[in-house]
There are 2 protein chains.
Amino acid sequence: MDSRLREHLTFLIEVDRLKTVLRASPLAAADRRENDAEHSWHLALMVMTLAEYADEPIDVGHTIKLVVVHDLIEIYAGDTPIYDTALAESQQEREEAAADRLFGILPDDAGAALRALWDEFEARKTPEARFAKAVDRLQPLLLNWMARGGTWRTPGVTAADVRARKAVIGDGSARLWEAALQLIDEGERRGWARS
Amino acid sequence: MDSRLREHLTFLIEVDRLKTVLRASPLAAADRRENDAEHSWHLALMVMTLAEYADEPIDVGHTIKLVVVHDLIEIYAGDTPIYDTALAESQQEREEAAADRLFGILPDDAGAALRALWDEFEARKTPEARFAKAVDRLQPLLLNWMARGGTWRTPGVTAADVRARKAVIGDGSARLWEAALQLIDEGERRGWARS
């Protein structure tokens with residue numbers, strides 16, 4: 001086996017670790033927390049299913065690539081829960097270092113290609129990145145809805161906080177943001193998120 | 001929320017169940033079996049990383065779509081382990097019925113689009129489907145390698161059986177099949193697969 005293919009396979013075995021990075025969100029289908037690999041797969045299917053609601057035309061295949069790689073760096077940087085403001089302060093630095101380490105396993109050109117996708121997702125300057133981010137925020141909202149609150153019940157978090165953190169959905173899709181707001185409003189009425 | 005979007009979201013919540021469908025393969029990064037959602041994500045990243053080894057030119061975005069949907073029907077049909085010949089007999093019938101049920105949750109056009117991807121994957125008549133299938137067979141081989149045998153140790157299974165079930169990798173990529181054979185041969189020498 002040549003060294004290039006060996007580097008590819010070494011990387012593909014290392015990323016198995018994404019299946020062990022737990023998120024705060026509860027699954028809808030089982031009584032446990034979701035992991036990053038499952039989450040990333042769910043986003044890929046959401047992009048395919050919901051692309052028609054994107055405000056701008058998007059390349060669906062490219063958008064799927066963005067969501068497939070978007071959480072990889074959490075293998076080393078860990079998950080930063082959306083309502084954890086203390087962890088958020090160090091997030092960018094931790095994630096940049098993790099990206100250098102992880103993508104460095106690959107041959108240079110292949111590592112640069114994945115790194116470019118991660119950078120694009122983070123920058124949100126393309127229609128694809130904006131829609132990918134919208135779906136990334138919508139997915140746990142659906143899980144929280146099914147769990148009658150889920151992480152909305154985090155101590156100190158209010159429905160207004162949820163709306164503020166989820167507003168980025170509107171940068172990718174007005175229709176999906178409208179639907180998300182309906183769910184948050186109804187969740188607040190039912191007492192699943194504090195007023 | 002209009003009924004079309006409601007059907008889309010209902011489907012996207014139903015598919016959360018894929019995260020509860022366990023495969024026979026052990027993870028490399030943790031002491032538990034893999035689930036279908038994690039597996040599907042891993043394949044998506046493998047398609048992106050290994051596309052250069054495809055024997056025929058492939059549309060990477062389209063190939064990723066194939067692997068994202070390829071196991072969805074197991075939500076109702078269950079996983080059919082590759083070395084379980086009894087279950088394999090009823091596999092096609094169970095999976096067709098599951099596809100009708102699952103894709104029927106979606107609006108007709110959306111359900112037909114996902115069904116077409118699943119049919120394409122199963123038929124293996126396009127370069128994208130052949131490469132997707134190759135990666136689907138290569139991924140658990142890497143996990144079994146890391147587990148010093150994994151499902152290769154299934155009672156009654158020999159290294160020759162493993163080679164026979166994995167040969168389909170060669171329909172998508174001669175290079176990856178050559179690498180897979182090296183791993184199986186070495187696994188047999190080490191006693192991880194029976195001679």
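Given the structure is predicted, the values throughout are model-derived calculations rather than measurements. Letters A, B, ... are given to chains in the order of the sequence lines, protein chains preceding strands, and every chain is numbered from 1. Side chains are part of it too, since the values below use all heavy atoms of this structure and drop only hydrogens, waters and symmetry mates.
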Using heavy-atom distances under 4.5 Å, tell me whether Leu43(B) contacts chain A through its side chain, its backbone, both, or neither.
neither
Heavy atoms only: give me the nearest Gly150(B)-Pro26(B) pair and the separation to one decimal.
CA-CG, 4.2 Å
When hydrophobic residues are tied together by side-chain contacts of less than 4.5 Å, even through go-betweens, does Met48(B) share a cluster with Ile169(B)?
yes
Need one label for Met146(B): side chain, backbone, both or neither, based on atoms under 4.5 Å from any heavy atom in chain A.
side chain
Ranking Leu114(A), Val67(A), Leu5(A), Val69(A) by heavy-atom pairs under 4.5 Å to chain B gives rank one to Leu5(A)
Hey, any chance Ile184(A) and Ile13(B) share a hydrophobic cluster, counting ILVMFWY side chains that come within less than 4.5 Å of each other, even indirectly?
yes
Spatial distance of atom CZ (Phe131(B)) from atom CE (Met46(B)) [nearest 0.5 Å]
8.0 Å
Would you mind telling me which of Leu27(A), Ile64(A), Leu142(A) has the largest number of heavy-atom pairs within less than 4.5 Å of chain B?
Leu27(A)
Measure Leu45(B) against the heavy atoms of chain A and call it side chain, backbone, both or neither at under 4.5 Å.
both
Following the transitive rule for hydrophobic clusters with a side-chain heavy-atom cut-off under 4.5 Å over Ile, Leu, Val, Met, Phe, Trp and Tyr, establish whether Ile75(A) and Leu22(A) coincide in one cluster.
no
Does any backbone or side-chain atom of Ala110(A) lie under 4.5 Å from a heavy atom of chain B? Answer side chain, backbone, both or neither.
neither
Value rounded to 0.5 Å, distance of CG in Leu181(B) from CG in Leu141(B)
9.0 Å
Chain A against chain B: donor-acceptor pairs under 3.5 Å:
{"from": "Met1(B)", "atom 1": "N", "to": "Gln182(A)", "atom 2": "OE1", "distance (Å)": "3.3"}
{"from": "Asp2(B)", "atom 1": "OD2", "to": "Arg175(A)", "atom 2": "NH2", "distance (Å)": "2.5"}
{"from": "Arg4(B)", "atom 1": "NE", "to": "Glu52(A)", "atom 2": "OE2", "distance (Å)": "2.6"}
{"from": "Arg4(B)", "atom 1": "NH2", "to": "Glu52(A)", "atom 2": "OE1", "distance (Å)": "2.9"}
{"from": "Arg4(B)", "atom 1": "NH2", "to": "Glu52(A)", "atom 2": "OE2", "distance (Å)": "3.3"}
{"from": "Leu5(B)", "atom 1": "N", "to": "Tyr53(A)", "atom 2": "OH", "distance (Å)": "3.4"}
{"from": "His8(B)", "atom 1": "ND1", "to": "Tyr53(A)", "atom 2": "OH", "distance (Å)": "2.8"}
{"from": "Leu12(B)", "atom 1": "O", "to": "His42(A)", "atom 2": "NE2", "distance (Å)": "2.7"}
{"from": "Asp16(B)", "atom 1": "OD2", "to": "Ala28(A)", "atom 2": "N", "distance (Å)": "2.7"}
{"from": "Asp16(B)", "atom 1": "OD2", "to": "Ala29(A)", "atom 2": "N", "distance (Å)": "2.9"}
{"from": "Lys19(B)", "atom 1": "O", "to": "Arg32(A)", "atom 2": "NH2", "distance (Å)": "3.0"}
{"from": "Lys19(B)", "atom 1": "NZ", "to": "Glu34(A)", "atom 2": "OE2", "distance (Å)": "2.7"}
{"from": "Lys19(B)", "atom 1": "NZ", "to": "His42(A)", "atom 2": "ND1", "distance (Å)": "2.8"}
{"from": "Ala28(B)", "atom 1": "N", "to": "Asp16(A)", "atom 2": "OD2", "distance (Å)": "2.7"}
{"from": "Ala29(B)", "atom 1": "N", "to": "Asp16(A)", "atom 2": "OD2", "distance (Å)": "2.9"}
{"from": "Arg32(B)", "atom 1": "NH2", "to": "Lys19(A)", "atom 2": "O", "distance (Å)": "3.0"}
{"from": "Glu34(B)", "atom 1": "OE2", "to": "Lys19(A)", "atom 2": "NZ", "distance (Å)": "2.7"}
{"from": "Asn35(B)", "atom 1": "ND2", "to": "Glu38(A)", "atom 2": "OE2", "distance (Å)": "2.8"}
{"from": "Glu38(B)", "atom 1": "OE2", "to": "Asn35(A)", "atom 2": "ND2", "distance (Å)": "2.8"}
{"from": "Trp41(B)", "atom 1": "NE1", "to": "Val68(A)", "atom 2": "O", "distance (Å)": "3.0"}
{"from": "His42(B)", "atom 1": "ND1", "to": "Lys19(A)", "atom 2": "NZ", "distance (Å)": "2.8"}
{"from": "His42(B)", "atom 1": "NE2", "to": "Leu12(A)", "atom 2": "O", "distance (Å)": "2.7"}
{"from": "Glu52(B)", "atom 1": "OE1", "to": "Arg4(A)", "atom 2": "NH2", "distance (Å)": "2.9"}
{"from": "Glu52(B)", "atom 1": "OE2", "to": "Arg4(A)", "atom 2": "NE", "distance (Å)": "2.7"}
{"from": "Glu52(B)", "atom 1": "OE2", "to": "Arg4(A)", "atom 2": "NH2", "distance (Å)": "3.3"}
{"from": "Tyr53(B)", "atom 1": "OH", "to": "Leu5(A)", "atom 2": "N", "distance (Å)": "3.4"}
{"from": "Tyr53(B)", "atom 1": "OH", "to": "His8(A)", "atom 2": "ND1", "distance (Å)": "2.8"}
{"from": "Val68(B)", "atom 1": "O", "to": "Trp41(A)", "atom 2": "NE1", "distance (Å)": "3.0"}
{"from": "Arg175(B)", "atom 1": "NH2", "to": "Asp2(A)", "atom 2": "OD2", "distance (Å)": "2.5"}
{"from": "Gln182(B)", "atom 1": "OE1", "to": "Met1(A)", "atom 2": "N", "distance (Å)": "3.3"}

Where Pro127(A) and Pro57(A) come nearest, the two heavy atoms and their spacing
CB-O, 3.9 Å
Do you know which of Leu106(A), Leu117(A), Leu72(A), Leu138(A) has the most heavy-atom pairs under 4.5 Å to chain B?
Leu72(A)
So which residue, Val68(B), Leu183(B), Val47(B), ends up with the most heavy-atom pairs under 4.5 Å with chain A?
Val68(B)
Note: Ile58(B) and Ala51(B) closest approach over all heavy atoms is CD1-CB, 4.1 Å
Between Met1(B) and chain A, with a heavy-atom cut-off of 4.5 Å, which part of the residue counts as in contact: side chain, backbone, both or neither?
both
Nearest 0.5 Å, please: how far is CG in Leu102(B) from CD1 in Ile73(B)?
9.0 Å
